[in-house]
Number of protein chains: 2
Amino acid sequence: MKLSDYESQPENLDAVFAALADPTRRSILARLATGEASVGELAEPFEISQPAISKHLKVLERAGLIEREIDRQRRPARLNAAPMQAAIGWLEEFRRFWSSSFDELDGLLEELKQAEPKGAADE
Amino acid sequence: MKLSDYESQPENLDAVFAALADPTRRSILARLATGEASVGELAEPFEISQPAISKHLKVLERAGLIEREIDRQRRPARLNAAPMQAAIGWLEEFRRFWSSSFDELDGLLEELKQAEPKGAADE
DNA sequence: CAGTTTCATAACTCAATGGTTATATAAATT
DNA sequence: AATTTATATAACCATTGAGTTATGAAACTG
């Protein structure tokens, strides 16, 4: 799979990365990784309002990262991994694509900055 | 490293994920993975204006994903992998943390990490 | 039935994004 | 010196994002 192939679902990739770009949402996802939780349970650790949490859940849902259920008057959220796969896939592919300098990154960058003023990395 | 540890640099993680949430910027990064490029070269494949590209580069620079150089009147951009590692780290840690439901994804990642039939990279 | 719990939705504010065009700056070219 | 090239910056516009408070709708409880 090529990098450009991941762009064949750009909207989903956009939505997933955008969803991950917020610390509250990442925290919610981490919480959901331990099991499904109601809106109230998800809101509890934060100081923001319940509607704000509901909005975050909508963002996560639109990205496909969670699914909502109905349990009486509760609307618990459950994690869905599939869309995360797109993000991981893109990043892993990117890393492989740029393999030459990715692994020993820090060391190489230091070398580049000091030993080689003009960035001829791996061409 | 735990998931919560990645939240110790939330701003950077925020900026990196946000930077990756735009297809133009992902495309720019893919282009830069093949080597540094000037603003004009980066703008060429797109139909948007040059200032728009400069703005995207600023976003990428703020996220630490690129560095700018000065070569006469050109300001070529060069990839910087370090912040991307933070994003990969968070996602991989998340995957590990939620390993039980990530089995299918593990398979996909193995695929990705292994065979590369065609040497062709990307746009 | 009346009240409470759980959650969603609406309406609003404020800041940030992503785009534009127009202009400025600095180096290269003629 | 004048012009062209490469890029940045400013000013503006429309849209989105993240938050708020207020209110509504179900479902549960007494």
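A, B, ... follow the sequence lines: proteins, then strands. Residue 1 opens every chain.
- Across the protein-nucleic acid pair, B:E61 atom CD and D:dT9 atom P stand 10 Å apart, rounded to whole Å.
- A salt bridge links B:E92 with A:R95: the closest approach of a Lys/Arg side-chain nitrogen to an acidic carboxylate oxygen falls below 4.0 angstrom.
- Dashed line: the shortest gap from a side-chain N or O of B:R62 to OP1 or OP2 of C:dT17 is under 4.0 Å.
- Using a 4.0 Å cut-off, no side-chain N or O of A:R72 falls inside it from OP1 or OP2 of D:dA27.
- Taking the side chain as every heavy atom from C-beta outward, B:N80 and B:L65 never approach each other to under 4.5 Å.
- Remark: A:R75 does not engage A:E69 in a salt bridge, criterion side-chain N to carboxylate O under 4.0 Å.
- With distances taken from any side-chain atom of A:P51 to the nucleotides D:dT7, C:dG19, C:dT9, the minimum falls on C:dT9.
- Looking at A:Q50, its side chain comes within 3.5 Å of the base of C:dA8 through a donor and an acceptor atom.
- In this structure, the nucleotide among C:dG19, D:dG19, D:dT7 sitting nearest to the side chain of A:I48 is D:dG19.
- For the pair A:R25 and D:dA18, the criterion of a side-chain N or O lying under 4.0 Å from OP1 or OP2 is met.
- Summarising the geometry, the separation between CG on B:L60 and P on D:dT7 is reported as 16 Å, rounded to the nearest angstrom.
- The nearest whole Å value for the distance from the CG atom in A:D71 to the C1' atom in C:dT5 is 13 Å.
- Contact check for B:R74 versus B:D71: side-chain heavy atoms found under the 4.5 Å cut-off.
- A:S49 has a side-chain polar atom (N or O) that falls below the 4.0 Å cut-off from OP1 or OP2 of D:dT20.
- For D:dA18, the OP1/OP2 oxygens have no side-chain nitrogen or oxygen of A:T24 closer than 4.0 Å.
- For C:dG19, one of the phosphate oxygens OP1 or OP2 lies less than 4.0 angstrom from a side-chain nitrogen or oxygen of B:H56.
- Taking atom CD of residue B:E41 and atom C1' of nucleotide D:dT5, one finds them 13 Å apart after rounding to whole Å.
- Side-chain N/O atoms of A:K58 include one lying less than 4.0 angstrom from OP1 or OP2 on C:dT9.
- Phosphate contact (OP1/OP2 of C:dA26, side-chain N/O of B:R75, threshold under 4.0 Å): absent.
- For A:S54 and C:dC7, the shortest distance from a side-chain N or O to OP1 or OP2 is not below 4.0 Å.
- Here the P atom of nucleotide D:dG17 and the CG atom of A:D14 are 11 Å apart, to the nearest Å.
- Nearest nucleotide to the A:R74 side chain, out of D:dA11, C:dT6, C:dT17: C:dT6.
- Atom pair B:Q73:CD and D:dT3:C1' shows a separation of 13 Å (rounding to whole Å applied).
- As a whole-Å value, the separation of B:F46 CZ from C:dG19 C1' is 14 Å.
- Of all heavy-atom pairs between A:A77 and A:R68, the closest is CB-NE, 4.0 Å.
- Note: CD (A:E47) to C1' (D:dG19) measures 14 Å, nearest angstrom.
- Annotation: side chain of A:Q50 is in contact with side chain of A:V39 (closest heavy-atom distance under 4.5 Å).
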